[in-house]
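A quick write-up on the structure given underneath.
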Amino acid sequence: MSLPASDLSKQPDNRTTMELGACLPMTAEVKDDHLFIGGVDMVELAHDYGTALYVYDQADLENRMETYRSAFQSRYENSNVAYASKAFLNKAVCRLVARHGLCLDVSGGGELAIARAVDFPMERVVVHGNNKTPQELQEAVEAGVGCIVVDSRTELARISAIAQKLGTTQDVYMRVTPGVEADTHEYIRTGCEDSKFGFTMRDDFAFSCIKDFLNTPHVRLAGLHMHIGSQIFALHSFGEAVDVIVELAARIKREYGYEIDDIDVGGGLGIAYTAEDKPASIDDFAETITTAMKAACAKYDFKQPRILCEPGRSLVAVPGVTLYTVGNLKTLPGIRKYVAVDGGMSDNIRTALYHADYEPVIANKAGQPRTEIVTVAGKHCESGDAVAIDRPIQHPEIGDVLCMFGTGAYCHSMSSNYNGQPRPGIVFVKDGKATLVTRRETYADLMACDID
Ligand code: LLP
């Protein structure tokens, strides 16, 4: 796969770092031409810990957790926020989620194991996955998770058998695909009709399966779940999906006299990857969901349920950046200019996979205007290996420290060891202090599972 042809008419934006607005972590500042985050000089940090390096603005992470919680709870008391850990998970972020009173959405046994390792309260865990293995289900029920989101009748029967054996009853949600087409990349739409996730509403299938949930012993139908997609800017899609799911809940009550307690509206709020992006705020998102919930409950005569939402990207993407060192430059007149860095598709597959856009700056020239258009290429054996295509940047030179903004979500969690590349370390920065929370992998780690 090669890169899309460069748009040679594109002009640099001449912005300096601090003019990148919503793309910047909360504590970003420029002093003596250097980029600082959390009071820490990113150029020094790159030299101290090596590159490529993931860096998180801890104050921004914590601020977003609190903003989410209060945005929902101030509008709708009976609500909570479950961080979608697939966006980025290590022990450090899991501890922050626990400390801020949020719930945790895990998608499988591995994420659950990390949550257990830091004693995350299991009653606040929601388990996801369209094909959880019997072993993962067993681990979840044994751990005493708050809820398992059920994707199929096969899975419902499996959970019931496991709970019976363990002498318990497991709370479950039924995941439905509400048939709403969210305005986002087709690969990350999940709520439309053609989806491997959950119970389709088509031909009344989801409703016809409700009796199975109600008649299955050792499970309790605690709620309904939906997730319409990711990186969504058009909030009306959420409102439409809430109406569909409340109508289903009201129908369950009418026909079976059974009232579900919770509606989990999924995640999906988009963020600013580029200075041109204009995403909705966390408050706008909460306002849309809670207003739609109250309106739908009034319309269908249904008591207002507990709301759970599951943001991933909008909590962790912007607080996270990746630092690289520029190792080589290559100008192909009339084609493009490459800036080669010491990472790439192994630490950020999103550009190769979705042609995602990012904002790069040179951390040691952060106060200068971005006067050139470049493609930031990785170091992997793949022509399509780039982390930013045709983006403005300050004049690059070999040895510069390049900072890519907005890489806090789905970069570390989708990383790989392609070309034998050890995964970067992760550093949290706050109040002038840097804390290494995940060390860089070593060559020995690459062979740790091999048997001689
Ligand atoms: N809940 C469920 C059930 C999900 O499937 C997801 C994401 C979320 C919550 C969180 O959605 P968020 O708030 O992060 O949009 N790898 C892709 C994103 C895939 C999202 C999958 N599901 C990317 O890099 O853009």
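Remember, it's 1-based here, ligands and their atoms both numbered in the order they're listed. All values reported here derive from a predicted model rather than from experimental measurement. Excluded from the calculations below are hydrogen atoms, water molecules and symmetry mates; all remaining heavy atoms, backbone and side chain alike, are included.
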May I ask you to check whether F213 and F199 place their ring centres under 6.0 Å from each other?
yes

F238 vs F285, ring-ring contact (aromatic ring centres under 6.0 Å, His included): CA-CA, chis, key distance, verdict:
CA-CA 9 Å; F238 291 106; F285 177 68; 5.0 Å; yes

Test log, rule side-chain contact (heavy atoms from CB on, under 4.5 Å), inputs Y273 and Q231:
CA-CA 10 Å; Y273 279 109; Q231 185 56 3; 3.5 Å; yes

For ligand 1, is there an N or O atom under 3.5 Å from any N or O atom of G312?
yes

Out of curiosity, is G268 lining ligand 1, as in a heavy atom under 4.0 Å away?
yes

For S85 and V106, the nearest pair of non-hydrogen atoms, with its separation, is OG-CA, 3.8 Å

At under 4.0 Å between heavy atoms, what of A84 touches ligand 1? The answer is side chain

Heavy-atom closest pair, residues V97 and C103
CG1-O, 3.6 Å

Mind checking whether R350 contacts ligand 1 via backbone (N, CA, C, O), side chain (CB onward), both or neither, at a 4.0 Å heavy-atom cut-off?
side chain

Using modelled atom types and a 3.5 Å cut-off, is there a donor and acceptor pairing between side-chain atoms of Y56 and backbone atoms of G408?
yes

Side chain, backbone, both or neither: the part of L353 lying under 4.0 Å from ligand 1 by heavy atom:
neither

Within reach of ligand 1, part of R313 (heavy-atom separation under 4.0 Å):
both

For Y410 and ligand 1, does the shortest N/O to N/O distance drop below 3.5 Å?
yes

Tell me the contacting part of F197 for ligand 1: side chain, backbone, both, or neither, using a 4.0 Å heavy-atom threshold, strictly below.
neither

H128 vs H225, ring-ring contact (aromatic ring centres under 6.0 Å, His included): CA-CA, chis, key distance, verdict:
CA-CA 10 Å; H128 276 287; H225 173 278; 4.6 Å; yes

Return the option from H128, H225, K86 holding the heavy atom at the smallest distance from atom 4 (C) of ligand 1.
K86

Determine whether any heavy atom of S314 lies closer than 4.0 Å to an atom of ligand 1.
no

Will you find, in the side chains of N90 and T438, an N or O donor that is under 3.5 Å from an N or O acceptor?
yes

List every atom of ligand 1 that sits less than 4.0 Å from any heavy atom of P311, numbering the atoms from 1 in the order shown and giving each element.
13 (O)

Please indicate whether any nitrogen or oxygen in R175 is less than 3.5 Å from any nitrogen or oxygen in ligand 1.
no

